[in-house]
2 protein chains.
Amino acid sequence: MAEVTSIPDRLFEDLKTAIFEGRLSVGSKLSEPELARDYEVSRGALREAIGRLEACRLVTRKTNVGARVVSLSHEKLIEIFHVREALEGMAARLAAEAITEEEIRELERLLDKHANDIEDNHDYFQKEGDVDFHYTIVKASHNGFLFDLLCNDLYQLVRLYRYQFGMRSKRAVRAYHEHCNIVDAIKRRDAEMAEHMMRAHIRASRENVERQMAESTAA
Amino acid sequence: MAEVTSIPDRLFEDLKTAIFEGRLSVGSKLSEPELARDYEVSRGALREAIGRLEACRLVTRKTNVGARVVSLSHEKLIEIFHVREALEGMAARLAAEAITEEEIRELERLLDKHANDIEDNHDYFQKEGDVDFHYTIVKASHNGFLFDLLCNDLYQLVRLYRYQFGMRSKRAVRAYHEHCNIVDAIKRRDAEMAEHMMRAHIRASRENVERQMAESTAA
DNA sequence: TTAAATAATATTGTCGACAATCTGGGGTAT
DNA sequence: ATACCCCAGATTGTCGACAATATTATTTAA
């Protein structure tokens, strides 16, 4: 039952963290000879790892030209929010129908943590507790396909975007209350309300970003 | 502006059609030496093509063991329908807001074709006209990310499933009316109603499949 | 001086060969 | 007879080298 891991597996993870930590900055080129030297692997293994990065949309590739770390335009970001609204709304709906008692306790634990972070004036979003919350609900939907789509693709793009734009939301308190509403509906097994609340939550987050974008554009 | 195409590009397409046409049957193993001989390419190029098939979920891969064409369990199929309901509902909503006059004409053209196929007693689904209809709406949402997700990943799985289970729906007439309702809402720019109708349409399709599954299980 | 053409360089695409790992069959011991 | 172990064959993983293409620098002509 041991996890078999190949060189491209390891490279894939290493390159992802390199991207998130900014060592491979947004928009920069992934030079195959250079990276092969740095990570001490052959170009073949490297190319497969880059292929996987492309599959989850963290890099874009052009034939005979090379791969670059994606740079999220504001436009693309809004597109992603619309997809998130649809998918996570469905996740909340399914979670209300399929969640287990233990998963409910996990959600409550995360809510407590969120409340404490606000109390202590920590930056909730910076610590990625927000991702944990959404991750848990998607998992509780017990829909493997939905989970794969959101957690292996979308959330990583969201994460990259937070680093890229240095997102620091003043929405921590309001987001907390929205989270409470969502968990409440799920606990009551009210699928319709759970989806509605989740969509409202993500819509609010999108509108917040749109406001920030409008400000930074109007110089 | 010429389309540059590499060997893995071509292989990717060839293998996809081979899967859809059943020459690579569901659940069968993709032998690298064998396929490399048949298609007269090196194993390296082949491996990249297989990697892309894995990315759009048409094959699954295990380290040191190999790749197999996915076999869609009934469970997985239902999961996909839930994701489709969420994503296409959003697509219809966005399309109602962003569709152009020309795209509206295209939708009406497809509706006419659908009506004629029913008249002439053709099998609408078999000819993939249904895919064209949904494809056009997703495109009209003018959300590139959504388009990519649905048309490059999900629709191919749906297509594979139709071949695998030999889907021949008796829903052609009812589906036609549902399609009309959707187009109607979009033309009136009623986003809320467009989403509602699209979700109802896909939900009905899912429930139809669930019924068929229940029948075939109860031997 | 600028712009186009061209040559030099570097990068990506492709391939065949070797190493590591899995699969299946045969043999042995209980 | 069955279960376990071990070995042979085949398959996948990995690598370095060569070919094709793009990029950059240089030269030349207007």
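So you know, we letter chains A, B, ... as the sequences are listed, proteins then strands, and number each from 1. Predicted model, so just to flag it, every value in this text is computed and none were measured.
Ion pair B/Glu108/B/Lys187 flagged as a salt bridge, since at least one NZ, NE, NH1 or NH2 atom sits closer than 4.0 Å to an Asp/Glu carboxylate oxygen. Note on B/Asp130 versus B/Arg162: salt bridge recorded, some NZ/NE/NH1/NH2 to OD/OE distance being below 4.0 Å.
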Atom pairs under 3.5 Å: protein N/O with N/O of nucleotides 5-7 of chain D:
none

Distances under 3.5 Å between protein N/O atoms and the N/O atoms of nucleotides 5-9 of chain C, please, pair by pair.
none

Could I get a table of every N or O pair under 3.5 Å where one atom is in the protein and the other is in nucleotides 12-16 of chain C?
unit_1 : atom_1 : unit_2  : atom_2 : d
C/dT12 : OP1    : A/Lys29 : NZ     : 2.8
C/dT12 : OP2    : A/Glu32 : N      : 3.2
C/dG13 : OP1    : A/Asn64 : N      : 3.3
C/dG13 : OP2    : A/Arg47 : NH1    : 2.3
C/dG13 : OP2    : A/Arg47 : NH2    : 2.9
C/dG13 : N7     : A/Arg43 : NH2    : 2.9
C/dG13 : O6     : A/Arg43 : NH1    : 3.0
C/dT14 : OP1    : B/Ile7  : N      : 2.8
C/dC15 : OP2    : B/Ser42 : N      : 3.3
C/dC15 : OP2    : B/Ser42 : OG     : 3.1

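Applying the side chain to side chain donor-acceptor pair (under 3.5 Å) rule to pairs touching residues 53-67 of chain B yields A/Asp148-B/Arg57, sequence neighbours excluded. Applying the salt bridge (Lys or Arg N to Asp or Glu O under 4.0 Å) test to pairs two or more places apart or on separate chains, those with a residue in residues 65-77 of chain B are B/Lys76-B/Glu79. Note on residues 89-100 of chain A: pairs passing side chain to side chain donor-acceptor pair (under 3.5 Å), not counting sequence neighbours, are A/Arg93-A/Glu192, A/Arg93-A/Glu195, A/Thr100-A/Glu103. Listed by first then second residue, pairs satisfying salt bridge (Lys or Arg N to Asp or Glu O under 4.0 Å) with a partner in residues 5-17 of chain B read B/Asp9-B/Arg52, B/Arg10-B/Asp14, B/Glu13-B/Lys16, not counting sequence neighbours. For residues 34-44 of chain B, the set of pairs meeting the side chain to side chain donor-acceptor pair (under 3.5 Å) definition, not counting sequence neighbours, comprises B/Glu32-B/Arg43.
Ring-plane geometry between A/Tyr161 and A/Phe81 is classed as perpendicular, the angle between the planes exceeding 60 degrees on a 0 to 90 degree scale with a lower cut at 30. The aromatic rings of A/His179 and A/Phe133 lie parallel to each other, their planes meeting at an angle below 30°, with 60° marking the opposite boundary.
By the ring pair (Phe, Tyr, Trp, His ring centres under 6.0 Å) test, A/Phe20 pairs with no residue at all, sequence neighbours left out. For B/Phe147, the ring pair (Phe, Tyr, Trp, His ring centres under 6.0 Å) test picks out B/Tyr135, with sequence neighbours left out. Under the side-chain contact (heavy atoms from CB on, under 4.5 Å) criterion, A/Ala204 pairs with A/Arg171, A/Glu178, sequence neighbours left out.
Here D/dT12 presents its P atom at 16 Å from CG of A/Asp9, a figure rounded to the nearest Å.
Taking five base pairs at each end of the helix from C/dT1-D/dA30 to C/dT30-D/dA1 and finding the rotation axis that steps the C1' atoms of four pairs onto the next four gives two axes whose angle is 10°, to the nearest 10°.
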